[in-house]
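What follows is one structure encoded as structure tokens, with my remarks underneath.
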Amino acid sequence: MAQLSDRLNRLSPSATLAMSQKSSEMKAQGIDVINLSVGEPDFPTPDNIKAAAKKAVDENYSKYSPVPGYAELRRAIVAKLKRENQLEYTVDEVMTSNGAKQCVCNAVMALVNSGDEVIIPAPYWVSYPQMVKLAGGNPIYVNAGFEQNFKMTPEQLEAAITPKTKLLILCSPSNPTGSVYSKAELKALAEVIKRHENLFVLADEIYEHIIYIGNHESIAQFEGMKERTIIVNGVSKAYAMTGWRIGFMAAPEWIVKGCNKLQGQYTSGACSVSQKAAEAAYTLDQGCVEDMRLAFERRRNLTVKLAKDIPGLEVNVPEGAFYLFPKCSSFFGKRFDGYAINNASDFAMYLLEVGHVATVGGDAFGDPECFRISYATSDDNIREAMKRIKEALAQLR
Ligand code: PMP
Ligand code: GLU
């Protein structure tokens, strides 16, 4: 019988995308579902960025671009890294791909050998372990739970490192928790990393601009760290451009060259028109970024306030991204109307089927006691969704 490869059989589908898909199917059946599952800004792409894309179509940006992206875009990214992160990169140390997702995958594929260990603090973004498995590596999870504000300590990192450790994947501001590592915390992690010669860090900074505690800090800023850091970022979240599919990597040139070789065989350069749109995003007026950040901050405050008002949930206050990751384990073992809640997936499914609110169970993020709410939606949707969640949970006995 025809069989998929072992490689594919080892892979789990994306839980975030699966939950979003399920909520769309329910909507198509006429059920009024509020979708707080997938993490993407609800805003349209700003007009000046759209105008740049339209111009690019008219100017016939319709051919293959260079594999790492147009030089103009890479120059705009180099300028962004200098302006916003005070980091010096050359154009050859930057490459663009189909979203930050492909950048993460490129980096993992380029660095991880079969049997190598990759440290992933849990909770983590769903795709990291799957990409590591695809590369034949072993994900090593470090539990950084609710009680430690979902942040890994330097001691935990040190304890997880073995001679086989190749990479650490660090996401700050974090999906799914919204936690943000401070400059001092990053410096302490950097000290540990520097003690281990063959260890690299993939710094996923895609939520850089969605932050509520001042400026984002990059681990690449510390002495001796740029050589070991692969920064991944992109336009999806900051500029409401998820569908345009442009992400970038900034890393030592030999890593970028390796990823370039991989991408040249795999997908080629990213969409030409989207690259021109991303170039506009990085070079035009940045006012839209702050406008959206302010909206997310207001929604964060609203969601936290309403969640804290739901008996049985434990809620921390996220400092970035647009997710809340409350602890829901006090509901495990409870029932209502044929539904039994034994874990976070049951919990999320109950909220979807009974409350008609789509969220994602924490299991997929490596924390089986919590669930994720994306509050990248209107205040009205947030109010209605939290009301439904409260009512659905009140029925559980
Ligand atoms: N990293 C994290 C932590 C994310 O949440 C996402 C979500 N989309 C990505 C990377 C990928 O972003 P992109 O849309 O640019 O592929
Ligand atoms: N990163 C977003 C999320 O976590 C988008 C979905 C995905 O790419 O997994 O919901």
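Read the numbers this way: they start at 1 and go in the same order the structure lists the ligands and their atoms.
Note: the hydrophobic cluster containing Val357 does not contain Met19 (ILVMFWY, side chain heavy atoms under 4.5 Å, direct or indirect links).
Cation-pi check for Lys327 over Phe371 is not met; the charged atom does not lie both under 6.0 angstrom from the ring centroid and within 45 degrees of its normal.
Here the heavy atom of the protein found nearest to atom 2 (C) of ligand 2 is Gly39 O, 3.5 Å. Distance from atom 9 (O) of ligand 2 to its nearest protein heavy atom, with residue and atom name: Thr16 OG1, 2.7 Å.
Listed by number with element, the atoms of ligand 2 under 4.0 angstrom from any heavy atom of Lys101 are 7 (C), 8 (O), 9 (O). Short contacts between ligand 2 and Arg372, defined as distances under 4.0 Å to a heavy atom of the residue, involve ligand atoms 3 (C), 4 (O), 10 (O). Of all atoms in ligand 2, numbered sequentially from 1 with element shown, those under 4.0 Å from a heavy atom of Leu17 are 6 (C), 7 (C). Those atoms of ligand 2 that come under 4.0 Å of a heavy atom in Ser14, given as number and element, are 9 (O).
Between Phe365 and Phe150, the gap from one ring centroid to the other reaches at least 6.0 Å. Separation of the Tyr350 and Phe331 ring centroids does not fall under the 6.0 Å cut-off. The six-membered or imidazole ring of Phe322 lies near that of Tyr207, with a centre-to-centre distance under 6.0 Å. Taking the six-membered ring for Trp, Tyr124 and Tyr141 have ring centres closer than 6.0 Å. The aromatic ring centres of Tyr375 and Phe296 sit 6.0 Å or more apart.
Heavy atoms of Tyr323 found under 4.0 angstrom from ligand 2 belong exclusively to the side chain. When non-hydrogen atoms are compared, ligand 2 lies under 4.0 Å from the side chain of Asn175 (C-beta onward) but not from its backbone. Counting heavy atoms closer than 4.0 Å to ligand 2, residue Thr242 contributes nothing at all. Looking at Glu40 against ligand 2, nothing comes within 4.0 Å, counting heavy atoms. When non-hydrogen atoms are compared, ligand 2 lies under 4.0 Å from the backbone of Val38 as well as from its side chain. Contacts of Lys237 with ligand 2, taken as heavy-atom pairs under 4.0 Å, involve the side chain alone.
For the 3.5 Å distance criterion, the side chains of Thr90 and Asp92 fail to qualify, holding no donor opposite an acceptor.
Look at Glu117 and Lys166 and you find no salt bridge, because none of the NZ, NE, NH1 or NH2 atoms lies under 4.0 Å from a carboxylate O. A salt bridge between Lys101 and Asp204 is absent, with no side-chain N of the basic residue lying under 4.0 Å from a carboxylate O of the acidic one.
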- Take Trp254 and Phe200 through the ring pair (Phe, Tyr, Trp, His ring centres under 6.0 Å) test and state the conclusion after the steps. CA-CA 13 Å; Trp254 63 272; Phe200 293 83; 5.7 Å; yes

- Task: Just do the side chain to side chain donor-acceptor pair (under 3.5 Å) check on Ser97 and Gln263 with the steps written out, would you?
- Result: CA-CA 8 Å; Ser97 305; Gln263 188 165 301; 2.6 Å; yes

Could you pull out every N or O of ligand 1 that sits under 3.5 Å from a protein N or O, with the distance for each pair?
residue	atom	partner	partner atom	Å
ligand 1	1 (N)	Asp204	OD2	2.6
ligand 1	5 (O)	Asn175	ND2	2.7
ligand 1	5 (O)	Tyr207	OH	2.7
ligand 1	8 (N)	Lys237	NZ	2.9
ligand 1	14 (O)	Ser236	OG	2.8
ligand 1	14 (O)	Arg245	NH1	2.8
ligand 1	15 (O)	Ala100	N	2.7
ligand 1	15 (O)	Ser236	OG	2.9
ligand 1	16 (O)	Ala100	N	3.1
ligand 1	16 (O)	Lys101	N	2.9
ligand 1	16 (O)	Arg245	NH1	3.4
ligand 1	16 (O)	Arg245	NH2	2.7

